[in-house]
There are 2 protein chains.
Amino acid sequence: MAVTIRDVAQAAGVHISTVSRAFSGSHLVKAETRERVLAAAAELGYRPNQTARALTTGRTQNIGLIVADIANPFFPPLIKSAQSRARLCSYQVFVADTDEDPRAEEELLRTLARQVDGLVLVSPRLANEEIAALGGEVPLVLVNRRVPGLCAVLMDVAHGAALAVEHLAGLGHRRLLLAGGPRNSWTSAEMRRAAEAAAAGRGLEMTLFAPNSPTEQGGIAAARAVVEARATAVIAYNDLVAVGLIEGLDALGVAVPEEVSVVGIDDTVVGRLNRPRLTTVAMPTAAAGRAAVDLLIQAVEAKDADQATAETTLGTSLVVRDSTAPAPRPEPAADAPPAA
Amino acid sequence: MAVTIRDVAQAAGVHISTVSRAFSGSHLVKAETRERVLAAAAELGYRPNQTARALTTGRTQNIGLIVADIANPFFPPLIKSAQSRARLCSYQVFVADTDEDPRAEEELLRTLARQVDGLVLVSPRLANEEIAALGGEVPLVLVNRRVPGLCAVLMDVAHGAALAVEHLAGLGHRRLLLAGGPRNSWTSAEMRRAAEAAAAGRGLEMTLFAPNSPTEQGGIAAARAVVEARATAVIAYNDLVAVGLIEGLDALGVAVPEEVSVVGIDDTVVGRLNRPRLTTVAMPTAAAGRAAVDLLIQAVEAKDADQATAETTLGTSLVVRDSTAPAPRPEPAADAPPAA
DNA sequence: CTGAAAGCGCTAACAG
DNA sequence: CTGTTAGCGCTTTCAG
């Protein structure tokens with residue numbers, strides 16, 4: 001068995017409680033004694049047993065990060081920044097993937113709840129009420145979801161979607177299609193709301209096509225809908241869907257951006273490398289990972305009672321590249337409502 | 001506090017040890033009693049406290065996965081499959097990122113060692129001796145590294161590199177450059193060994209340029225070396241470097257694949273989407289994640305003593321796409337050694 | 001400031 | 001088959 005607090009106590013000629021205090025940074029120990037203890041500990045290569053500590057304190061120094069799909073390029077930068085920030089604060093992080101399945105998400109949440117001090121739920125697929133219920137069992141920080149009473153880090157997709165519509169309108173597009181995401185996706189709902197408002201405000205037609213799987217396959221499958229809606233521009237749930245859309249459109253003999261413009265969301269490496277290079281709404285994923293961890297740790301370590309719901313909103317911007325271009329033939333907006 | 005084993009015992013009218021047995025699947029409990037206990041537990045929503053359990057058993061049911069860079073597209077599929085497989089076996093997984101820093105890797109290893117049953121080290125940057133030393137403290141499974149006495153999952157990069165050389169030779173290239181990876185990378189060393197052997201066997205010249213940062217930046221920076229070596233083809237440490245190389249070459253006015261052919265390694269989404277689409281050696285990352293977890297769990301749960309070093313080698317293959325083409329002008333191999 | 005003692009929630013011999 | 005009894009390694013009152 002590894003070296004324990006008892007070994008250190010013996011080596012330093014003090015009681016184990018003194019060693020404990022020396023390590024927990026208690027001021028109830030003479031500086032000189034602490035030195036001696038720390039020296040002995042270093043000598044023996046002692047490291048406090050987190051598990052044992054957790055049992056008495058009720059604090060594990062672990063947090064959990066639950067995402068829908070690790071392999072979706074949206075998540076890795078967020079995971080990276082979250083675990084890096086957590087480690088800076090002496091927390092380790094469990095990462096778990098729900099495979100876009102709400103039931104798996106719930107089970108995971110329940111399992112992890114007992115062995116962490118709190119959880120970060122990124123782009124959850126569960127319904128609000130279920131999340132709220134789970135929120136009673138363990139400190140929760142949501143990313144891209146707003147649930148009354150819970151902390152959240154939001155990315156301003158609404159603004160991004162509005163920018164996208166504005167950009168497309170400026171290029172002369174009159175008939176848009178919105179390729180939404182999965183059911184229960186807050187991002188998808190926000191996008192829709194904002195895009196529809198922006199479209200209405202400018203007298204544009206907007207067809208909604210949803211839900212779609214948030215993958216390249218989802219995009220490929222949605223390509224037909226674009227043609228059927230006779231849209232000249234489409235805003236996709238994310239970059240993966242956008243890339244799939246471009247592929248699917250190409251397969252249908254529709255050129256992007258000459259005949260149809262495509263805007264993605266996320267600004268992942270996938271969109272940057274795609275040809276045509278993707279016009280997309282940049283999401284601050286790395287910042288969101290850090291912010292979520294900060295919020296969580298703050299909630300966990302708050303001396304005072306459960307503080308008020310904290311919410312951080314991060315900005316988005318539009319990155320214009322090559323997948324958008326002027327509308328093919330500027331049709332007169334015969335059936336458009338009067339612009340505001 | 002949450003419901004404990006004592007509450008369940010009371011509710012079921014048995015002693016806590018009976019509850020414990022009912023949950024640990026001991027056969028030392030009457031089926032009928034177990035039913036009653038389980039019912040009471042379900043009623044109360046009891047879940048065994050993993051932390052407390054870990055303290056007595058010494059088994060945490062957690063494993064750690066240490067990778068160099070979560071955001072490098074090589075890793076996410078591996079992380080995803082590893083955590084999925086682990087969960088199937090009732091293990092949770094800590095994911096940590098070393099940012100390519102050997103010292104961070106060691107610190108992480110030491111910290112995590114105490115709170116997991118074992119660790120998977122993917123593409124470590126530490127030296128063999130340091131890994132071997134750490135291997136004494138905690139069960140370790142390495143991915144893409146061979147250290148005597150430790151379990152490992154290897155991807156047959158050597159074969160892949162040989163295939164790449166063969167492919168390039170077949171296209172008439174005589175002067176190759178190998179853009180290697182970071183110091184201490186087993187993959188890089190394997191590639192080099194195999195590529196040099198294959199090149200020598202076919203009378204090709206091969207220049208080594210290393211180390212390189214395993215990133216797009218690394219590739220961009222290496223582009224000049226290709227021109228200076230007057231190579232007509234280059235094999236890159238990974239897809240990211242390959243894509244960077246293509247970019248860098250383009251900036252230097254060198255066309256890929258017309259003037260220089262580029263082969264990547266990994267077969268990530270990055271290479272698939274790049275234009276020109278990248279010819280690359282496909283690495284079985286998802287399979288490796290699963291295999292590593294299997295090996296680790298097997299080592300941890302082995303009844304018998306530390307079983308012999310297990311090693312799994314997974315195959316690779318060459319995916320030919322558009323970044324490779326016939327050599328520009330088939331120079332006579334004036335200075336080549338006689339072919340084998 | 002430091003030692004003593006009582007557990008945290010659970011498992012694991014050992015009795016019965 | 002089930003109850004008893006020790007702890008796992010550490011923190012935390014409570015004395016001194």
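Checked by atom type, the side-chain pair Arg87(A)/Gln83(A) shows a donor-acceptor distance below 3.5 Å.
Of all the heavy atoms in Pro102(B) and Leu126(B), the pair that sits closest is O-CD2, 3.3 Å.
Between Glu137(A) and Arg114(A) there is no salt bridge, since no side-chain N of the basic residue sits under 4.0 Å from a carboxylate O of the acidic one. We find that Arg125(B) and Asp101(B) are not joined by a salt bridge, their nearest charged nitrogen and carboxylate oxygen being 4.0 Å or further apart. Between Arg103(A) and Glu106(A) there is a salt bridge, with a side-chain nitrogen of the basic residue lying less than 4.0 Å from a carboxylate oxygen of the acidic one. Salt-bridge check for Glu43(A) with Arg36(A): failed, with every basic side-chain N at 4.0 Å or more from each acidic carboxylate O.
Rounding to whole angstrom units, CG of residue Asp7(B) and C1' of dC8(C) are separated by 14 Å. Computed from coordinates, the Arg6(B) CZ to dT5(D) C1' distance equals 13 Å when rounded to whole Å. Going from atom CZ of Arg114(B) over to atom C1' of dC8(D) covers 13 Å, rounded to whole Å. Distance, Gln115(A) CD to dC10(C) P: 13 Å, rounded to whole Å. Atom pair Leu55(B):CG and dA12(C):P shows a separation of 12 Å (rounding to whole Å applied).
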Generate the contact string for nucleotides 11-16 of chain D. Rules: B means base contact, S means sugar-phosphate contact only, - means no protein heavy atom under 4.0 Å. BBB---
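With sequence neighbours left out, Arg145(A) forms a salt bridge (Lys or Arg N to Asp or Glu O under 4.0 Å) with no residue at all.
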After noting the C-alpha distance and the side-chain angles of Lys30(A) and Glu35(A), does the key distance pass the salt bridge (charged side-chain N to carboxylate O under 4.0 Å, His left out) rule? CA-CA 9 Å; Lys30(A) 198 167 23 167; Glu35(A) 290 314 314; over 6 Å; no
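Taken residue by residue, residues 29-44 of chain B places no heavy atom nearer than 4.0 Å to DNA chain C.
Note on Thr18(A): a side-chain N or O is less than 4.0 Å away from OP1 or OP2 of dG3(C).
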